[in-house]
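Okay, structure first, notes after.
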Amino acid sequence: MLVGSRSLLDSLLQVAVFTLFPRCIAAQTTINGQTFTNGLAIIDAPSPSNPGHAGSTIPIAVDVSGDGKLAPAASLPGSDLSTRYDFLEIYLVSAQTNINITVSAGPSLLTNETGSTVKHLNWPIPTCIPAGDYNLTFYEASHVNGQGVFTITPIPIPISNPSASGQCPDLNSLQPQPQASNPLSQSPFASGSTISPSSSTSGMITAAPTPALALTLTLLFFLSFC
Ligand SMILES: *[C@@H]1O[C@H](CO)[C@@H](O)[C@H](O)[C@H]1NC(C)=O
Ligand SMILES: *[C@@H]1O[C@H](CO)[C@@H](O)[C@H](O)[C@H]1NC(C)=O
Ligand SMILES: *[C@@H]1O[C@H](CO)[C@@H](O)[C@H](O)[C@H]1NC(C)=O
């Protein structure tokens with residue numbers, strides 16, 4: 001009963017907040033340049049609209065620990081935790097220049113830098129791509145409290161290239177954007193979030209706030225962004 005009324009209250013809260021502040025419905029939340037995706041990942045770098053230059057590198061940094069709230073095993077593919085990553089891949093895509101190029105596919109990003117809560121990749125922007133507007137798009141499949149989640153997070157990047165040259169490697173076919181996804185309604189790790197991922201095994205996490213506290217935090221959270 002208590003659990004039922006709490007989740008009902010949470011749903012009413014979300015409806016109320018989204019009705020009152022519709023422009024706050026976003027696929028992601030950026031706070032001080034950090035992007036809290038509507039999945040488990042927190043993208044520390046790059047920040048949205050930070051320009052890139054063909055021939056130089058984009059420093060990419062992703063906090064896979066939920067700001068320290070997830071057990072280290074949750075970021076390793078194959079974990080049986082109820083809150084866990086299944087995969088995290090990155091592509092550089094553009095509807096303007098008709099490009100979809102692989103930045104990081106397969107488990108390498110998650111399995112790299114064992115023990116580190118932040119995964120890094122310095123990706124050299126190939127000189128073959130035309131100048132234009134791009135998305136550095138993160139594809140995350142994960143489970144949150146046992147529920148499957150698929151989150152697509154585009155970080156817009158304008159890329160300059162005075163003279164595109166050469167043949168592009170790792171090209172994929174380009175799909176229309178936005179693509180279908182199944183994200184959480186908000187990041188579990190942004191302050192005031194009403195989503196509290198728990199794990200069936202040890203290693204986690206925050207206690208759920210009381211409904212009154214959740215109401216206050218949620219309203220404060222959304223008001224601070226509107
Ligand atoms: C693995 O981590 C190192 C050190 O940060 C980085 O230089 C390299 O690009 C990473 N490789 C992959 C595939 O993520
Ligand atoms: C880019 O290519 C990858 C690999 O084929 C695919 O998973 C992804 O959906 C594509 N993205 C777009 C926007 O086409
Ligand atoms: C970036 O992604 C957004 C959201 O899917 C899309 O509307 C936009 O057209 C994309 N930009 C480019 C340059 O492809």
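In each ligand, atom 1 is the first atom listed, and ligand 1 is the first ligand listed. Just so you know, these numbers come straight off a predicted model, no measurement behind them. All residue numbers in this chain count up from 1 along the given sequence.
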**Report entry** Heavy atoms of other groups near Q147 CD, more than 12 under 6.0 Å
**Finding:** no
Requested in this report: Sequence neighbours left out, what pairs pass disulfide (SG to SG under 2.5 Å) with at least one residue falling in residues 40-120?
Outcome: none
Requested in this report: With sequence neighbours excluded, tell me which residues meet side-chain hydrogen bond (donor to acceptor under 3.5 Å, both in side chains) with S65.
Outcome: D63
Query raised in the report: Can E89 and S104 be counted as having a side-chain donor-acceptor contact under 3.5 angstrom?
Result: no
Query raised in the report: Does any donor atom in the side chain of N135 or Q177 lie under 3.5 Å from an acceptor atom in the other side chain?
Result: yes
Mind listing the side-chain donor-acceptor pairs of residues 160-169 below 3.5 Å, one per line with the distance, residues two or more places apart or on another chain?
residue, atom, partner, partner atom, Å
S160, OG, H53, ND1, 2.7
N161, OD1, S163, N, 3.4
N161, ND2, T127, O, 3.0
N161, ND2, I129, O, 2.6

Query raised in the report: For ligand 3, which atoms, with element, lie under 4.0 Å from some heavy atom of D133?
Result: 13 (C)
Report task. Might you list the protein residues in contact with ligand 2, defined as having a heavy atom under 4.0 Å from one of its atoms, sorted by chain and number? Result -> Y91, V93, N100, Y139, N172, S173, L174, Q175, Q177, Q179
